[in-house]
Participant: 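The structure under discussion is supplied below as C-alpha cells; questions concerning it will follow.
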Amino acid sequence: MGKSASKQFNDEVLKAHNEYRRQHGVPPLKLCKKLNREAQQTLHSHGVEEYKEDGSGEGICQ
C-alpha cells in the first residue's frame, strides 16, 4: 500500500527544503507530528478549512 497524498506531499516538500539547507551548509530538518497536529488545530480554530485531496477544500478564513 502506498503513502497517502498528504504524506507524500510532506515528504517531497521536506526533501526539497532540506536540499536548499544542504546547499547553505545547515543541518536538515525533520517533520514533527506533534507540531503539525498543533498547527492544523490552530488553523481550524481560526476558521481555515483544510485542503482536501479531491480539491474541494479552501484555505479561506470565514
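We use all heavy atoms of the structure for the numbers below, so side chains are in, but hydrogens, waters and symmetry mates are not.
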Participant: For Leu29 and Arg21, which heavy atoms make the closest approach, and how far apart are they?
Facilitator: CG-NE, 3.6 Å
Participant: Of all the heavy-atom pairs spanning Asn36 and Leu31, show the shortest one and how long it is.
Facilitator: ND2-CD2, 4.2 Å
Participant: Give, for atom CD of Glu19 and atom CD of Gln23, the distance between the pair rounded to the nearest 0.5 Å.
Facilitator: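 Those atoms lie 5.0 Å apart.
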Participant: Check this for me, if you would: do Glu12 and Lys15 make a salt bridge, where the nitrogen-to-carboxylate-oxygen distance has to be below 4.0 angstrom?
Facilitator: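 So Glu12 does not pair with Lys15 through a salt bridge.
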Participant: Can a salt bridge be assigned to the pair Lys7 and Asp11 using a cut-off of 4.0 Å between side-chain N and carboxylate O?
Facilitator: yes
